[in-house]
Amino acid sequence: MRDPLTAITEAFTSFLFGKVETTRLPVRTSTGQAQAVYLPTAAPGLGDSGVIIGREVYSGKGYIYDPFQLYGQQLPAPHWLVLGESGNGKSALEKTYVLRQLRFRDRQVVVLDAQGEDGVGEWNLIAEELGITPIRLDPSAALDHGIRLNPLDPAITTTGQLALLRTIIEVAMGHGLDERSGFALKVAHAYVNETIVERQPVLSDIVEQLRHPEPESAEAMNVAIDDVRAWGLDVALVLDRLVDGDLRGMFDGPTTVGIDLDAPLIVFDLSHIDRNSIAMPILMAIVGVWLEHTWIRPDRKKRIFLVEEAWHIINSPFVAQLFQRLLKFGRRLGLSFVAVVHHLSDVVDGAAAKEAAAILKMASTRTIYAQKADEARATGRVLGLPRWAVEIIPTLTPGIAVWDVNGNVQVVKHLVTETERPLVFTDRAMTESSRDIAADDALRAAEREAEERAAAFVEQHLGDSESTVA
């Protein structure tokens, strides 16, 4: 029986306002159906097959990403661009992603490790844990039985060798080869390949032939032999740097025997190379082309080629052209190219803007960690990010990034397990104290609070955003 006071109150309210609010019964439903009520915070995921990255910040759902599983359905290309300033979690993401991918038997990974401390690359600890010896390219050690990669390795096609030689020279000179220099290089390369059959041809053979061209080379084009020698002089001087200059020892001999290209993880340690020198893009070009012809095979394996300091590739028009071809072949041969770059402005405003745009277009997955506001706006314009994502990038805390997977944009918190932590945060082992360890809980609490503030910011601004929900 109803309370008389309640009945009198409802009657009085009905007299004043004309209608009494009806009592609604509770609704029982599933989370899959209820997510439609909260569209801004419950965007659909990428499926449940692949490698777990962490959790989506606003819905709390697990975030799973695998370019090989998504290719052809949600991804037009399996390539991935990672952006962000130092100290925000790019390195941790790369390392855990590789470790988790390697749990699949049909995965192989090559890493170009351009950073390091104490004389080794930062992937050295992971390589040791997996029982793998990094391929350390070091000019000072190359003369003392160090690692060599031969640009004229017979495993590389003749066309590939000539393209690689041209790229090395053009990167070092800073401009393209003219027709006469290109002709001198072509005839020297052809003569060396035809006459040296008892061993691997090497760069010193090309240099010698450029200095002393054969008369037949001049007669074929009805020019003087002195002209052919003069046309090849600059080319010979550039290649001589790889033979007797500051880069000698790494490329002027037969390829080192015993490099295991069947290992699940192959690490090229480039930490002994000056990252700001012309040697780095030359080195990346040689390694990239050598891998294209020796490592990538139609054997149904899924391969990941991860390049740190990738602006050395994208910012050089000549090296970028080689990698564009590699990326195109990658779709057919199961290759995912992962490029790690600090700032997009490092590449889009450089000399290789056209080539950079082509490579960026191939990267259907983009992960953006915290950047300054002006850099975030520039990144958003180039990548076509929605306004709410651009506005939130400067507020991101370490470990949280905006993920754009072919238009599916979400904010993701990367999670690192306790097993992975000592392998991933290698610099922390050298710097943290017991006081740092005691402060971990407070730091994580602050990160959670920052996540909640960011979520509130997005919910407040998403309603009037010009973007659509992915």
Side-chain angles (χ1 to χ4, degrees), residues 139 142-143 148-255 277-286 288-290 292-293 316-325 351-352 354-355:
L143 297 176
R148 284 188 174 90
L149 295 179
N150 184 13
L152 301 178
D153 192 319
I156 304 175
T157 63
T158 302
T159 302
Q161 292 177 12
L162 185 58
L164 181 53
L165 289 173
R166 288 185 65 99
T167 298
I168 293 171
I169 296 162
E170 289 171 337
V171 169
M173 296 175 68
H175 59 77
L177 281 180
D178 59 36
E179 292 298 328
R180 294 180 178 183
S181 296
F183 172 76
L185 176 64
K186 183 181 71 172
V187 296
H189 175 253
Y191 182 82
V192 166
N193 271 346
E194 290 172 3
T195 58
I196 299 178
V197 294
E198 71 280 0
R199 58 174 174 82
Q200 283 190 19
V202 293
L203 286 180
S204 57
D205 299 322
I206 300 291
V207 173
E208 179 65 20
Q209 187 60 27
L210 287 168
R211 288 171 174 168
H212 304 95
E214 295 299 314
E216 292 82 358
S217 303
E219 293 171 1
M221 294 299 291
N222 195 27
V223 295
I225 189 68
D226 290 339
D227 290 337
V228 177
R229 184 181 297 108
W231 296 346
L233 180 59
D234 287 343
V235 175
L237 291 173
V238 171
L239 293 179
D240 185 65
R241 181 180 177 185
L242 301 180
V243 176
D244 288 322
D246 53 346
L247 298 179
R248 65 177 179 163
M250 292 190 295
F251 312 114
D252 59 338
T255 298
S277 74
I278 197 65
M280 188 62 79
I282 290 176
L283 185 59
M284 287 189 172
I286 292 175
V289 173
W290 187 75
E292 176 188 348
H293 291 273
S316 169
F318 313 110
V319 181
Q321 288 169 8
L322 285 178
F323 272 79
Q324 280 184 54
R325 185 182 72 248
K354 180 180 178 181
E355 290 78 7

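Worth saying up front: this structure is predicted, and the values here are computed from it rather than measured. We're numbering straight along the sequence, starting at 1.
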Exercise. Measuring from Phe323:CZ to Arg325:CZ, what's the distance to the nearest 0.5 Å?
Worked result: 10.0 Å
For this session: Would you mind reporting whether Phe251 and Ile168 have side-chain heavy atoms less than 4.5 Å apart?
Result: no
Problem set entry | Side chain Thr255, main chain Leu149, donor-acceptor under 3.5 Å | no
Exercise. Should Val238 and Asp234 be marked as a side chain to side chain contact (heavy atoms under 4.5 Å, CB included) after you check the CA-CA gap, both sets of side-chain angles, and the distance that decides it?
Worked result: CA-CA 6 Å; Val238 171; Asp234 287 343; 5.7 Å; no
Problem set entry | Flag for Gln161-Asn193: side-chain donor and acceptor within less than 3.5 Å | yes
Exercise. With side chains defined as the heavy atoms from C-beta onward, is the minimum distance between Val187 and Pro213 less than 4.5 Å?
Worked result: no
Exercise. Got Val207 and Val235 here, is their nearest side-chain heavy-atom distance under 4.5 Å?
Worked result: no
Exercise. If you measure from CG on Leu165 to CG on Leu152, what distance do you get to the nearest 0.5 Å?
Worked result: 5.5 Å
Exercise. So does Glu216 have more than 12 non-hydrogen atoms from other groups sitting under 6.0 Å from CD?
Worked result: yes
Exercise. When you look at Thr167 and Val289, which way does the side chain to side chain contact (heavy atoms under 4.5 Å, CB included) test go after all the steps?
Worked result: CA-CA 10 Å; Thr167 298; Val289 173; over 6 Å; no
Problem set entry | Within-4.5 Å side-chain heavy-atom neighbours: His189 and Thr158 | yes
For this session: State, without any angle test, whether His175 and Glu170 hold a side-chain donor-acceptor pair at a distance under 3.5 Å.
Result: no
Problem set entry | Worked check of side chain to side chain contact (heavy atoms under 4.5 Å, CB included) between Leu210 and Arg229 | CA-CA 6 Å; Leu210 287 168; Arg229 184 181 297 108; over 6 Å; no
Exercise. With no hydrogens and no angle check, is any side-chain donor or acceptor of Gln209 less than 3.5 Å from a backbone partner on Val192?
Worked result: no
Problem set entry | Student check: side-chain heavy atoms of Leu162 and Lys186 closer than 4.5 Å | yes
For this session: Tell me, with the steps shown, if Arg148 and Asp252 meet side chain to side chain contact (heavy atoms under 4.5 Å, CB included).
Result: CA-CA 8 Å; Arg148 284 188 174 90; Asp252 59 338; 3.9 Å; yes
Exercise. Would you say Arg180 has more than 12 foreign heavy atoms packed within less than 6.0 Å of its CZ?
Worked result: no
Exercise. Quick one: CD on Glu208 to OH on Tyr191, what's the gap to the nearest 0.5 Å?
Worked result: 10.5 Å
Exercise. Going by an N to O cut-off under 4.0 Å, is there a salt bridge joining Arg199 and Asp205?
Worked result: yes
For this session: To the nearest 0.5 angstrom, please state how far the CD1 atom of Ile225 sits from the CD atom of Glu219.
Result: 8.0 Å
Exercise. Is there a side-chain contact between Ile286 and Asn150, using heavy atoms and a 4.5 Å cut-off?
Worked result: no
Exercise. Nearest 0.5 Å, what's the CG-CE distance between Leu237 and Met173?
Worked result: 9.5 Å
Problem set entry | Salt-bridge present (Asp240, Arg211; N to O < 4.0 Å) | yes
Exercise. Would a distance-only check, ignoring hydrogens and angles, find a side-chain to backbone donor-acceptor pair under 3.5 Å from Ser181 to Leu177?
Worked result: no
For this session: Specify the closest pair of heavy atoms between Ile196 and Pro201, including all atoms of both residues, with the distance to one decimal.
Result: O-CG, 4.1 Å
